Amino acid sequence: MIDGELSRRAETFGIETSYYDARGTLRHASDEAVRAIFDVLARSGPPPGAEPAVHVMRKGHITPLPGLCADGAAWRLMRGSRPVATGVCENGGVTLPERTRLGSYRLEVDGAGTPARPQAVLVAPAQAWQPKVFDRGGRVWAFAVQLYGVRSRRNWGIGDFTDLRDLVRIAGSLGAAGVALNPLHAITLDDPGAISPYSPTSRLFLNPLYIDVEAVPEFPGVAAAGLAETVERLRASEQVDYAGVIPAKLAALRLAYDTFRSGGGSAERRADFAAFKAERGDWLAGFCAFSVLRARHGGPWWAWPEEWRTPSRDKLAELARTDPAETDFHAFVQWTADRQLAACAAAAADAGMPVGLYLDVAVGVAADSADVWANQGAYVRELSAGAPPDLLNTAGQDWGLASFNPRVLLDTDFALLRETLRAVMRHAGAIRIDHVLGFNRLYLVPHGFRPDQGTYVRFPLEAMLAVVAQESQAQHCLVIGEDLGTVPDGFRETLAAWNVWSYRVMLFERLSDYSFAAPSAYPTQALVSFSTHDLPTFSGWLSGHDLDVKHGLGIDPGESIDARNWARHVAGEALRRDVGADHLSFPGVARFLARTPSRLLVVAAEDAFGVIDQPNVPGTINEHPNWRQKLPLLLEDVAAEPRLAEIARIMREEGRAIGG
């Protein structure tokens, strides 16, 4: 048990010393783990009590803020240095005007007895935004792909943004409301093994491997670049060959940049590049500086020369002056990626897709990432986000990801959370927040401890959801929260109150006897799917291939062969009961899910095309070909693929198709 003094100190920082796991068992964190987490949080961010107390107000629900001042004391609501509302305290509190606009404010109160802690006010929309099709009770579907795995006759062995634009048009022609994707965040390109889209170097910028280099006007062509044989080899590989793709794409992008820099770009493109750099400002400058320094010094940034570990703004300006071509190259790459992704979003709009691109937001970033280096203190790199032991991952999980520092979030008006949301929302009609449970409390594992030795740290849930609602309304972007795992009581209801949709996976929607819940049991404000990237595909699940893979890797799958046989039996019973299917098949599953009241159904390409291997096996890095698998057919053949046509027909029959 935790001693009293340590427990009191832990409470100050929101560290939970015990928690209930997925089986309902009370687990106690060790003194050593709690002390390690406390030590990390105590030496970063403002001192306890110095961060603002944040009061959340929702339009249409402006309520008094009690206990802040003596009656008659004057108060001022400040936006920067300007007061936007004033008044006097009544009944010991402050009542803001109903007309107060959306935004972030500082509340100042005069007189003795007022709180010493700064008081911040977030005025948020009543709810997050959603497309009008859902206001009318519409139910739609989207097609999901891991973009890197798209094969085509023209790409360079990895799916790219031109493939995505073509896929958007195909999905739109089949009545899909959008295309769902893996995270497109920037990854570190100096390690072909570190390619997980969920362990990025930055969530603020894009992975340049998705650029279609041949669509860059300044690129001289594959033959002129001397890459023809390389590209043919990469295109023919059965899995994505990152060790080959990375140098080929970077070499091609440098050729294009050299032409652009030497005056080869049009005046219109040069003006657009300048506008992009101005728009992304210091965020882009920091990312480009990191990219230059990482290429120069390699390895984690805390092992770089001292002058570059925590450089000042003046030092970064000096780097930009002394090596302008190199820093500008990375800006050029990000501009190119951004504009190509924007073209995909425009194609979705042209196709009349009400959701369009549905993009994923990873739960954190790599500890040695650009985001952690450029925003030191805002992340806690000495603690890894993860999950406690559960039914499928009995040893617990350590994702190796740095997460936000909750007290720095409070102290900076959630600046980094806002920019992360804006960066992903800028070309998206919907986003999925991976492990949104972390907005309430996040399981953190101190470095050097086993995954089952961590514990939870609380985050400011209401304030973070208020920020999500603010950015969602500003960007016109639907928000889905991946709420799988150990879900606290009342958490999903809180999300629903903010119109942050739930994420429901058929494999988990089971009753007490492990039979499958009926379609009518699913919630309306939800995305529904059969599986996820971390779970078996339909074909893998049906055959038991996923169990064989995990056993072969020495991983406890958390499910016996008998349990899987029962699951297949009751799944078949559910399909007979609810859709009249005479056997267990993915089209039957698609029809079953299409009959739920949930507004968005996502069909994964792996399920539609009978892929047996899942994109990622949790708990492995190089033991399994995670994030490398290509789809079994070419993009040029997708539109005529009978299995996808059957799914589209089912969606039309069940009232989920757009335009028909």
Side-chain angles (χ1 to χ4, degrees), residues 44 183-211 242 246 249-250 253 276-277 279-313 315-320 323 326-338 341 360-385 399-405 408 412 415-424 426 434:
S44 60
L184 304 180
H185 307 315
I187 61 173
T188 300
L189 297 179
D190 55 10
D191 181 359
I195 43 75
S196 168
Y198 288 92
S199 185
T201 191
S202 178
R203 293 183 293 182
L204 308 182
F205 296 97
L206 294 168
N207 184 344
L209 299 183
Y210 294 130
I211 292 173
Y242 285 95
I246 291 170
K249 289 229 171 179
L250 289 180
L253 287 166
F276 174 77
K277 289 194 292 183
E279 179 190 6
R280 301 306 304 272
D282 288 344
W283 302 104
L284 178 63
F287 176 79
C288 293
F290 175 88
S291 301
V292 171
L293 293 167
R294 175 82 178 212
R296 182 182 297 176
H297 300 294
W301 54 263
W302 52 85
W304 292 353
E306 183 67 35
E307 62 179 337
W308 295 118
R309 293 178 194 173
T310 55
S312 64
R313 289 174 66 94
K315 193 70 178 172
L316 292 178
E318 176 189 329
L319 177 69
D323 205 347
E326 196 63 15
T327 54
D328 232 27
F329 166 69
H330 295 287
F332 173 85
V333 168
Q334 286 303 316
W335 167 59
T336 301
D338 181 85
L341 182 58
D360 222 343
V361 184
V363 69
V365 293
D368 63 349
S369 65
D371 283 359
V372 175
W373 174 81
N375 303 280
Q376 292 181 43
Y379 283 97
V380 282
R381 69 174 178 86
E382 301 92 341
L383 305 173
S384 292
W399 300 325
L401 299 174
S403 64
F404 291 135
N405 185 325
V408 173
T412 58
L416 200 50
L417 171 62
R418 292 179 187 281
E419 189 61 22
T420 300
L421 293 170
R422 290 169 184 167
V424 183
R426 63 190 274 121
D434 191 30

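The basis for the numbers below is simple: all heavy atoms, side chains too, and nothing from hydrogens, waters or symmetry mates. Only a predicted model underlies this, so the values are computations on that prediction, with no experimental measurement involved.
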Identify the heavy atoms of [X] and [Y] that sit nearest to each other, and give their distance.
X	Y	answer
Pro192	Ile246	CA-CD1, 4.1 Å
Pro197	Ala362	O-CB, 4.3 Å
His185	Val361	NE2-CA, 3.7 Å
Gly364	Pro200	O-CD, 3.4 Å

* Under the ring-ring contact (aromatic ring centres under 6.0 Å, His included) test, residues paired with Phe404 that sit two or more places apart ->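 Phe404: ring-ring contact (aromatic ring centres under 6.0 Å, His included) contacts with Tyr379.
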* Asked: Taking only residues two or more places apart in sequence or in another chain, which ones pass ring-ring contact (aromatic ring centres under 6.0 Å, His included) with Phe332?
  ->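 Applying ring-ring contact (aromatic ring centres under 6.0 Å, His included) to Phe332 gives Tyr257, Phe260, Trp335.
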* Asked: Which residue pairs pass the salt bridge (charged side-chain N to carboxylate O under 4.0 Å, His left out) test when at least one of the two sits in residues 193-202, sequence neighbours left out?
  ->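 Of all non-adjacent pairs touching residues 193-202, none passes salt bridge (charged side-chain N to carboxylate O under 4.0 Å, His left out).
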* Just grab all the salt bridge (charged side-chain N to carboxylate O under 4.0 Å, His left out) pairs involving residues 194-204, residues at least two apart or on different chains. =>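 Those involving residues 194-204 do not exist here.
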All side chain to side chain contact (heavy atoms under 4.5 Å, CB included) counterparts of [X], not counting sequence neighbours:
X	answer
Ser369	Thr201, Val365, Ala366, Asp371, Val372
Pro311	Trp308, Lys315, Leu316, Trp373
Ser384	Asp398, His447
Glu382	Val40, Arg43

* Contacts of Arg296 that satisfy salt bridge (Lys or Arg N to Asp or Glu O under 4.0 Å) - sequence neighbours left out ->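 Testing Arg296 for salt bridge (Lys or Arg N to Asp or Glu O under 4.0 Å), a comparison that skips the adjacent residues, returns Asp323.
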Are the side chains of [X] and [Y] in touch, meaning some heavy atoms are under 4.5 Å apart?
X	Y	answer
Ser403	Val380	yes
Tyr198	Pro183	yes
Gln334	Lys277	no
Phe205	Asp338	no
Leu189	Leu209	yes

What is the distance from atom [atom1] of [X] to atom [atom2] of [Y], rounded to the nearest 0.5 Å?
X	Y	atom1	atom2	answer
Arg313	Asp282	CZ	CG	4.5 Å
Leu341	Leu184	CG	CG	6.0 Å
Asn375	Leu416	CG	CG	4.5 Å
Leu383	Leu401	CG	CG	12.5 Å
Leu206	Ile187	CG	CD1	12.0 Å

* Check: Pro208 main-chain N/O paired with Lys249 side-chain donor or acceptor under 3.5 Å ->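 Here the side-chain-to-backbone pair does not exist.
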* Just by modelled atom types, is the Arg309 backbone N or O under 3.5 Å from a matching donor or acceptor in the Gln376 side chain? ->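 The answer is yes, because a donor-acceptor pair under 3.5 Å joins these two groups.
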* Please determine if Arg422 forms a cation-pi arrangement with Trp283, meaning its NZ or CZ atom is less than 6.0 Å from the six-membered ring centre and no more than 45° off the ring axis. =>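 Relative to the ring axis of Trp283, which defines the angle, Arg422 lies outside at least one limit.
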* Non-neighbouring partners of Asn405 that pass side chain to side chain donor-acceptor pair (under 3.5 Å), sequence neighbours left out ->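 Asn405 satisfies side chain to side chain donor-acceptor pair (under 3.5 Å) with Ser44 once adjacent residues are dropped.
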* Identify, with sequence neighbours excluded, every residue that meets side chain to side chain donor-acceptor pair (under 3.5 Å) alongside Glu318. =>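 Applying side chain to side chain donor-acceptor pair (under 3.5 Å) to Glu318 gives none.
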Acceptor/donor pairs from residues 287-294 side chains to any protein atom, 3.5 angstrom cut, sequence neighbours excluded:
{"unit_1": "Ser291", "atom_1": "OG", "unit_2": "Phe287", "atom_2": "O", "d": "3.0"}
{"unit_1": "Arg294", "atom_1": "NE", "unit_2": "Asp190", "atom_2": "OD2", "d": "2.7"}
{"unit_1": "Arg294", "atom_1": "NH1", "unit_2": "Gly299", "atom_2": "O", "d": "3.4"}
{"unit_1": "Arg294", "atom_1": "NH1", "unit_2": "Asp368", "atom_2": "OD2", "d": "3.3"}
{"unit_1": "Arg294", "atom_1": "NH2", "unit_2": "Asp190", "atom_2": "OD1", "d": "3.3"}
{"unit_1": "Arg294", "atom_1": "NH2", "unit_2": "Asp190", "atom_2": "OD2", "d": "3.4"}

